[in-house]
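Quick notes on the structure that follows.
Heavy atoms only: backbone and side chains are in, while hydrogens, waters and symmetry mates are out.
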Amino acid sequence: MKKHNLVLTVAVLGIAAGAAYMTRASWMGGGAATTQGIPRPRAVSVDLAKAERKSVPVDVDAIGQVTPISSVALKSRLETTIVSVHFGDGARVNEGDLLFMLDARQIDAQIEQAEGVLARDQAQLEGAQRDLRRYTELVGKGATTQVNLDNAKTQSDVLIGTIKADQFALENLRVQKSYTVIRAPFAGRISAANVKVGNFVRPADTQPLAVINQMAPVYVTFAIPQRALVDLRDAMGKTDPKVIATIPGHQRSESGKVAMVENAVDATTGMVTVRGIMNNASETLWPGTIVQTKLIIRSEDAVVVPTVAVQRSQNGNFVFIVKDGVAKVQPVKVDRTFQGSSVISDGLAGDESIVVDGQLLLSEGSRVELRARKAGA
């Protein structure tokens, strides 16, 4: 009797355990189970994106500095005083604009003196030429000697030379007077005036009267690694590589083209200096500003995936591609990154569905399902 009760108890416990296992299997498999009682693996929710084949620029990022194409420090060529200043500090000036007037009274007096000397010598020349003509007639008549004629001719030639010297001296003084009027040699922005009306100035002064910087166009100077030099030089022979300069912390930028590549690589850094010329019509770039530069050497067709999709392992980079609801590990080679995307040089042909979120729960052959988007996402 006891043995029969023991067998009955074991049977009941076995049935209960089997029911409990089936209930757990049904819960683990989302309510689906095979006929053998083995639960089906639960699908992993993931976010997907498409691998795209498109034109991608080959570029180099660098830190650059804005430099003016032309910059001039205005200085006085005379020892005199400032009479007037005709610009506002920091103003924009055009080529030929009047900037400074210097005291020209001393030079004016010297010009008048030179003009008087020239008039005197011209009168003496006229007298010498009359004597020359008279002696010429007298020699023909035998009324005077040849010596007198030769002396008259010499005196006339001396006065001709003297008048030329007087004219050159007068012209020099007029050039000196032109230095009393200082005009803008080109259009640009002028600095604050370092001297005001009444200041005495001279050529030996180390401080300029003011500085003018050309604002449009301007140069952006930066350095790139020597490994990019060959590609850049090849591109310059076919097209104009593009340069984009952006002010850090702002979205404003200016674009231009490569104007010059330095003729030597810096042996200490392995970098080569490149200079881009920017139109800068709106004066976005200010001389001396540090900017973020992007040198776009060329564009090429390539497969691109979001960088977050690329995973790393001991065997290299890989991505999960999804086909028929199953994840597969696909090794890839990443050539470079570009604006949050990775350029794939090998492993993908384009148009594959790539997992961009949820990779931590995946392995080879995992079942996946597209993650439902949240409302408002």
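Remark: Glu283 engages Arg92 in a salt bridge, criterion side-chain N to carboxylate O under 4.0 Å. One finds a salt bridge joining Asp131 and Arg134 here, because a Lys/Arg side-chain nitrogen approaches an Asp/Glu carboxylate oxygen to under 4.0 Å. Classification of Arg174 and Glu115 as a salt-bridged pair holds, one side-chain N sitting under 4.0 Å from a carboxylate O. A salt bridge links Asp89 with Lys196: the closest approach of a Lys/Arg side-chain nitrogen to an acidic carboxylate oxygen falls below 4.0 angstrom. Checked for salt-bridge contact, Asp150 and Lys153 miss the test: no charged N lies under 4.0 Å from a carboxylate O. Classification of Arg130 and Glu137 as a salt-bridged pair fails, no side-chain N sitting under 4.0 Å from a carboxylate O. Asp301 has no carboxylate O lying under 4.0 Å from a charged side-chain N of Lys54, or vice versa, which leaves the two without a salt bridge. Salt bridge Asp351/Arg53: absent, no basic N to carboxylate O contact under 4.0 Å. Salt bridge annotation for Arg183-Asp97: absent, with no cationic side-chain nitrogen under 4.0 angstrom from a carboxylate oxygen.
Surrounding NZ of Lys75 are more than 12 heavy atoms belonging to other residues, nucleotides or ligands, all under 6.0 Å away. In this structure, Gln113 places its CD atom where only 12 or fewer heavy-atom neighbours from other residues, nucleotides or ligands lie under 6.0 Å away. Open room surrounds CZ on Phe168; 12 or fewer heavy atoms of other groups in view lie less than 6.0 Å from it. For CD of Gln106, the number of neighbouring non-hydrogen atoms (other residues, nucleotides, ligands) closer than 6.0 Å is 12 at most.
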Item to complete: Starting from the C-alpha separation in whole Å, work towards a yes-or-no answer on side-chain contact (heavy atoms from CB on, under 4.5 Å) for Asn194 and Leu209.
Response: CA-CA 5 Å; Asn194 295 320; Leu209 307 181; 6.0 Å; no
Discussion item. Does Asn315 form a side chain to side chain donor-acceptor pair (under 3.5 Å) with Ser313? I'd like the steps, not just the answer.
Written reply: CA-CA 5 Å; Asn315 297 324; Ser313 69; 4.8 Å; no
Worksheet item: Please walk me through it: do Ile107 and Tyr179 pass side-chain contact (heavy atoms from CB on, under 4.5 Å)?
Response: CA-CA 10 Å; Ile107 295 180; Tyr179 297 157; over 6 Å; no
Practice prompt. List the steps, then state whether side-chain contact (heavy atoms from CB on, under 4.5 Å) holds for Asn199 with Thr81.
Written response: CA-CA 5 Å; Asn199 284 117; Thr81 57; over 6 Å; no
Fill in: Verdict with supporting geometry, Val93 and Leu99, side-chain contact (heavy atoms from CB on, under 4.5 Å)
CA-CA 9 Å; Val93 296; Leu99 303 177; 4.0 Å; yes
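Asp231 places a side-chain heavy atom less than 4.5 Å from the side chain of Arg298. Looking at Val218 and Thr67, their side chains never come closer than 4.5 Å, going by heavy atoms from C-beta outward. Between Asp166 and Leu170 the shortest side-chain heavy-atom distance does not fall below 4.5 Å. You'll find the side chain of Ile321 reaches within 4.5 Å of the side chain of Leu348, heavy atoms only. At a threshold of 4.5 Å between non-hydrogen side-chain atoms, the residues Val322 and Leu48 count as touching. The side-chain heavy atoms of His86 and Met101, taken from C-beta on, include a pair separated by under 4.5 Å. Side-chain contact between Thr273 and Thr221: present, with at least one pair of heavy atoms (C-beta onward) separated by less than 4.5 Å. Side-chain contact between Leu74 and Val211 is absent, with no heavy-atom pair separated by less than 4.5 Å.
There is a path of hydrophobic side-chain contacts, each under 4.5 Å, that joins Val355 to Phe318. Hydrophobic clustering (ILVMFWY, side-chain heavy atoms < 4.5 Å, transitive): Leu102 and Val197 are in one cluster. Under a hydrophobic-cluster definition in which Ile, Leu, Val, Met, Phe, Trp and Tyr are linked whenever side-chain heavy atoms come within less than 4.5 Å, directly or via other members, Trp286 and Ile69 are assigned to different clusters. Linking ILVMFWY residues whenever their side-chain heavy atoms come closer than 4.5 Å, directly or via other members, places Val258 and Phe222 in the same cluster. Residues Met271 and Leu295 fall into different hydrophobic clusters, defined by Ile, Leu, Val, Met, Phe, Trp and Tyr side chains chained together at heavy-atom separations under 4.5 Å.
Looking only at atom types and distance, the side chain of Thr307 has a donor-acceptor partner in the side chain of Ser342 under 3.5 Å away. With 3.5 Å as the limit, one finds a donor-acceptor pair spanning the side chains of Ser45 and Glu369. Side-chain contact of Ser282 with Glu254: a donor-acceptor pair under 3.5 Å is present, judged by distance alone. When only modelled atom types and interatomic distance are considered, Ser71 and Asn213 share a side-chain donor-acceptor pair under 3.5 Å.
For the residue pair Gly90 and Arg189, the shortest heavy atom distance occurs at O-NH1, 3.4 Å. The minimum heavy-atom distance linking Pro248 with Val291 is given by the pair CD-CA, 4.0 Å. Nearest heavy atoms, Ala210 versus Ala192: CB-O, 4.1 Å. Considering all non-hydrogen atoms of both residues, Ala235 and Ile297 come closest at CB-O, 3.4 Å. Across all their heavy atoms, Ser253 and Thr246 have their closest contact at CB-OG1, 3.3 Å.
With hydrogens and angles ignored, the 3.5 Å screen pairs a side-chain donor or acceptor of Gln359 with a backbone N or O of Val308. Using modelled atom types, no side-chain atom of Asp205 and backbone atom of Gln207 make a donor-acceptor pair closer than 3.5 Å. When atom types are taken as modelled, the side chain of Thr293 and the backbone of Ala62 share a donor-acceptor pair closer than 3.5 angstrom. When atom types are taken as modelled, the side chain of Thr284 and the backbone of Asn280 share no donor-acceptor pair closer than 3.5 angstrom. A donor-acceptor contact shorter than 3.5 Å is absent between the side chain of Ser366 and the backbone of Ala327. With Thr289 contributing its side chain and Leu285 its backbone, the two residues share no donor-acceptor pair below 3.5 Å.
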